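No experiment lies behind these values; they were computed from the predicted model shown. Atom set for the values below is all heavy atoms of this structure, side chains included, hydrogens, waters and symmetry mates excluded.
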Amino acid sequence: MYLLRISQKLLFICNLCWLTGLIFRVITLERWPDFLVKSILVMGWLVALPLGVIWYGVVAFLLARRKIAFNDVQCWLFILNLLFIPAMIIYRLVA
């Protein structure tokens, strides 16, 4: 249960990094620190989508097997993270 909540928060951070990476693609400034941009791009573009798919697959499996209840995950974070996955897939297909 604890690992599920921590990974949900990590997924939210990765989704925010993906959104920040989109902003970096639109606004290119020379003042951004190089290590910051690289770490945000790695977490946002390489980790967010696979982690999201794996996390929701595990949660769906655990909910189907009745190992956890829907109250065990934070509902607002669950819905917000779920909104990012189609956006990431659509963006990767279009861009």
Would you kindly confirm whether [X] and [Y] end up in one hydrophobic cluster when ILVMFWY residues are joined by side chain heavy atoms under 4.5 Å apart?
X: Ile13; Y: Trp76; value: yes
X: Phe70; Y: Leu82; value: yes
X: Leu49; Y: Leu93; value: yes
X: Leu19; Y: Ile90; value: no
X: Ile68; Y: Ile6; value: no

Please name the pair of heavy atoms, one in [X] and one in [Y], separated by the smallest distance, quoted to 0.1 Å.
X: Asn71; Y: Arg5; value: O-NH2, 4.1 Å
X: Gln74; Y: Lys9; value: NE2-CE, 4.0 Å
X: Gly21; Y: Ile40; value: N-CG2, 4.1 Å
X: Met88; Y: Trp18; value: CG-CE2, 3.4 Å

When rounded to the nearest 0.5 angstrom, what distance separates CH2 in Trp55 from CG in Leu10? 11.5 Å
Can you measure from CG (Asp72) to NZ (Lys67) and round to the nearest 0.5 angstrom? 13.0 Å
Any Phe84 side-chain heavy atom under 4.5 Å of Leu11 side chain: no
Just grab all the side-chain hydrogen bond (donor to acceptor under 3.5 Å, both in side chains) pairs involving residues 81-95, residues at least two apart or on different chains. Asn15-Asn81, Arg25-Tyr91
